[in-house]
Amino acid sequence: MKTIKYILQKEFRQIFRNRTMLPMIFGVPLLQMLVLVFAATFDMKKIDMVVVDKDLSETSRELIAKFDGIPFYHLETAVPDATFGEEMLLTDDADVVLVIPPNMEKDLVRDDKAQIQLLVNAIDGNTAQLIFSYSSQIIGNFNKNLIAEWKGLPKFTPPTEVTITENYWYNSELDYKWYMAPGILAILVTIIGMFMSGMNLVREKEIGTIEQLNVTPVKKYQFIIGKLVPFWVIALFDLAFGLFIAWLVFDLPIVGSLWLLFGLASVYLISVLGLGLFISTVTDTQQQVMFISFFFMMIFILMGGIFTPVESMPHWAQMLDRANPIYYFMRIMRHVVLKGSGFFDLLQEFVSLLILGTTFLSLAIWRYRKTS
Amino acid sequence: MHDKQQNNDLAPFGGNPGRERGPIITVRNLVKKFGSFIANDNLTFDVYKGEIFGFLGANGAGKTTAIRILCGLSAPTSGEVKIAGYDIYNETEKIKKNIGYMSQKFSLYEDLTVSENIRLYAGIYGIPLKKAKEKEAELLEKLEMSDARKKLIAGLPLGWKQKLAFSVAIFHEPKIVFLDEPTGGVDPVTRRKFWDLIYEASNNGITVFVTTHYMDEAEYCNRVSIMDAGKIEALDTPKMLKERYSAKNMDEVFLKIAR
């Protein structure tokens, strides 16, 4: 026990004496929360629409006015023909082209139907879908109004209609930032856990100080604990700091228990710290640690469900995710923060992380060699 | 020349190793291979309790490889090694309690102070804090470094660093201390002072195993072995070696062996 105390004392002293450390501890969460949470969004803030109006009728102008009335539609109406609109799609100056054919109004009056065309820039499928559904909703509403205006409301029995009333649970305002903030925080905590601990250990290899420790009777687990605990503390601190920023800046509601969140985060951190330390025991330079950790980080993050739902991944990918600590922690973060889930709702995540943590940490201790 | 003579007189057993006290390191047929390269080729030797044993050889002769094996930092390919009565294969942790090591590359923590480094290693070896504090004060007094107690190691001159590294290596009073080229890159005066520390440790009963390629330092040893291309080519007292190779000094002996 006393040995561990001396080793921890050494590690903390070195960490806080390192000039880049304090700026990192405070700067990284600040930057990530304030920049990434705003940047990583699927919300449509601005749609550039090119309108090719060949009808030039009262009805077509009314339809255009509908779009113009919506703040995030930016309309470009001074366009002579569809080819020009297509060119603007090509040069990325337009997200969508609305083509109103000649005689639309006439067709409507005569045949009760008319066609208009929407050309959507679908480089980004998600955005294209959103644009299409927004736009068709607007056209649909316009259509309904037309029917009501021209044909008059049905006199006695209104047609039966199923109306949907929405009620979004857990993030009632569909604020994307609330969804992203816990995810970005999970990444933050992971970076600190995986990179810092691994780099720290391998740095001692590079400088050669590790040899001086290896000729002492220090136990392998004591050494690894010395490398684990400081970054465990720092990562938990940064989680708290990041949550505080999110609460302050985006009013992130923290519905669940903070004790539960930090308890589960502690278990999660043991798994990423363990992995980072394991990587550092099989490498010799900080460069190698960076490269290998980065490789795993990318896979873990992209498969972890931060940006894309795990449920949409192929079955085999979902199976692989069982070994992905970020996948569990992502669920924990969002469920506790936004939904207020309790311990028993997250029992499976807890057990899985416990298994992963024990495995990675044991691997690190086992693979750390005092004798090469 | 006069200085050297004086130092030889200081040596605990003069030119006569403490054979009667029995061996503290026994090495039999030690082999270390890196792939097909043989770094240590069938080394066999004893080091006796209390002697200063010089381990000589040109760069790349296999000195560091051997010393790292004896310290338990590297596993031998084959052969028998016993350090302080413990087997190198199964009892490395017991060996580590009984040895000190100063590597070729300075390896105290540059970002910790003098005192913090001393206390760290004292703590790891289980020396109670109170005793460690007393010994630390005594040591720094002796090294005339009391004022540097709270200074970071990074800012100290190389000579001080090496003296400190040696003192930390023997702070827990080990039976044997292994020194791997401890005086590399320092001026002759500092080297002399460093050897005074080695003699002092030796007088306190610590066996010293030292590698060097300074031949004047070889004269300070009770016995020296000379390695060439992974093999021990000669092992005796400096006096006997000079006689056998009819050389004026160790420099000549070395050149005759290592060619």
Side-chain angles (χ1 to χ4, degrees), chain A residues 1-25 196 199-227 229-231 281 284-286 365-372, chain B residues 32 34 64-65 67-76 83 88-113 115-129 132 152-154 165 168-169 171-172 174 176-178 180:
Chain A
M1 233 16 240
K2 273 209 168 144
T3 310
I4 292 182
K5 190 195 101 186
Y6 283 109
I7 293 179
L8 282 177
Q9 204 174 33
K10 159 204 172 258
E11 297 294 348
F12 274 111
R13 271 185 182 138
Q14 288 184 301
I15 289 169
F16 289 110
R17 223 162 258 176
N18 184 338
R19 273 159 211 253
T20 54
M21 218 54 204
L22 279 182
M24 281 229 294
I25 293 172
M196 285 192 173
M199 300 269 278
N200 185 292
L201 193 154
V202 97
R203 189 161 167 266
E204 288 221 29
K205 282 194 193 176
E206 281 184 350
I207 306 177
T209 46
I210 204 166
E211 298 236 306
Q212 201 63 54
L213 277 181
N214 283 346
V215 292
T216 70
V218 70
K219 303 265 190 313
K220 295 207 293 183
Y221 78 88
Q222 293 171 329
F223 178 76
I224 293 289
I225 285 177
K227 290 291 174 202
V229 172
F231 298 102
T281 59
D284 296 312
T285 63
Q286 297 190 62
I365 294 174
W366 167 76
R367 192 57 190 68
Y368 169 56
R369 295 285 148 85
K370 288 180 76 179
T371 306
S372 59
Chain B
K32 177 71 179 184
F34 295 104
T64 297
T65 307
I67 208 170
R68 283 172 52 84
I69 291 173
L70 300 186
C71 291
L73 284 174
S74 172
I83 311 282
I88 200 91
Y89 294 99
N90 311 315
E91 299 170 304
T92 31
E93 292 310 300
K94 281 182 189 154
I95 290 175
K96 283 172 182 172
K97 284 195 181 109
N98 290 295
I99 61 168
Y101 170 64
M102 178 181 167
S103 78
Q104 207 169 358
K105 205 168 163 190
F106 178 75
S107 53
L108 291 181
Y109 291 98
E110 303 248 359
D111 49 357
L112 294 182
T113 65
S115 167
E116 284 164 354
N117 268 292
I118 294 174
R119 302 250 175 107
L120 167 67
Y121 285 103
I124 288 175
Y125 284 107
I127 301 171
L129 189 62
L152 294 185
I153 298 268
V168 168
F171 198 79
H172 59 290
I176 313 162
V177 65
F178 293 92
D180 193 3

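Residue numbers begin at 1 in each chain, while the letters A, B, ... track the order of the sequences.
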**Item:** Donor-acceptor contact below 3.5 Å, side chain Lys10(A) vs main chain Leu120(B)
**Value:**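 Flag not set: sc Lys10(A) to bb Leu120(B) has no pair under 3.5 Å.
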Find the one option among [options] whose heavy-atom pairs under 4.5 Å with chain B are most numerous.
| options | answer |
| --- | --- |
| Glu204(A), Lys219(A), Gln222(A) | Glu204(A) |
| Asn214(A), Ile7(A), Asn18(A) | Asn214(A) |
| Thr3(A), Ile4(A), Val215(A) | Val215(A) |

Within the 4.5 Å heavy-atom criterion, are [X] and [Y] side-chain neighbours or not?
| X | Y | value |
| --- | --- | --- |
| Leu73(B) | Thr371(A) | no |
| Ile207(A) | Tyr109(B) | no |
| Gln212(A) | Met102(B) | no |
| Arg68(B) | Glu211(A) | yes |

**Asked** Is the number of heavy atoms from other residues, nucleotides or ligands within 6.0 Å of NZ (Lys220(A)) greater than 12?
**Response**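 It does: Lys220(A) NZ has more than 12 such atoms within range.
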**Message:** Within the supplied structure, the quantity of interest is the number of heavy atoms (other residues, nucleotides, ligands) at a distance under 6.0 Å from Lys2(A) NZ; does it exceed 12?
**Reply:**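 12 or below, so no.
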Contact class of [X] relative to chain A, heavy atoms under 4.5 angstrom:
| X | value |
| --- | --- |
| Arg119(B) | backbone |
| Leu152(B) | side chain |
| Lys97(B) | both |
| Phe178(B) | neither |

Looking at [X] and [Y], what are the two nearest heavy atoms and their distance?
| X | Y | result |
| --- | --- | --- |
| Arg17(A) | Asp111(B) | NH1-O, 2.9 Å |
| Tyr125(B) | Pro217(A) | CE2-CD, 3.3 Å |
| Arg13(A) | Leu112(B) | CB-CD2, 3.9 Å |
| Ser107(B) | Gly208(A) | CB-O, 3.5 Å |
| Leu213(A) | Ile124(B) | CD2-CD1, 3.4 Å |

**Request:** Just do the salt bridge (charged side-chain N to carboxylate O under 4.0 Å, His left out) check on Lys370(A) and Glu93(B) with the steps written out, would you?
**Result:** CA-CA 10 Å; Lys370(A) 288 180 76 179; Glu93(B) 292 310 300; 3.0 Å; yes
**Message:** Quick check for you: among Gly72(B), Gly100(B), Cys71(B), which has the greatest number of heavy-atom pairs under 4.5 Å with chain A?
**Reply:**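 Result: the option with the highest number of such pairs is Gly72(B).
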**Asked** If you count heavy-atom pairs under 4.5 Å with chain A, which of Pro174(B), Ala75(B), Ala165(B), Gly126(B) comes out on top?
**Response**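 Top count of heavy-atom pairs under 4.5 Å with chain A: Ala75(B).
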**Item:** Partner residues of Glu91(B) under the side-chain hydrogen bond (donor to acceptor under 3.5 Å, both in side chains) criterion, sequence neighbours left out
**Value:**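 Checked Glu91(B) against side-chain hydrogen bond (donor to acceptor under 3.5 Å, both in side chains); zero matches.
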**Prompt:** When rounded to the nearest 0.5 angstrom, what distance separates OG1 in Thr209(A) from CZ in Phe106(B)?
**Reply:**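 These two atoms lie 10.5 Å from each other.
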**Asked** Distance from His172(B) atom NE2 to Thr216(A) atom OG1, nearest 0.5 Å?
**Response**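 Between His172(B) NE2 and Thr216(A) OG1, I get 8.5 Å after rounding to 0.5 Å.
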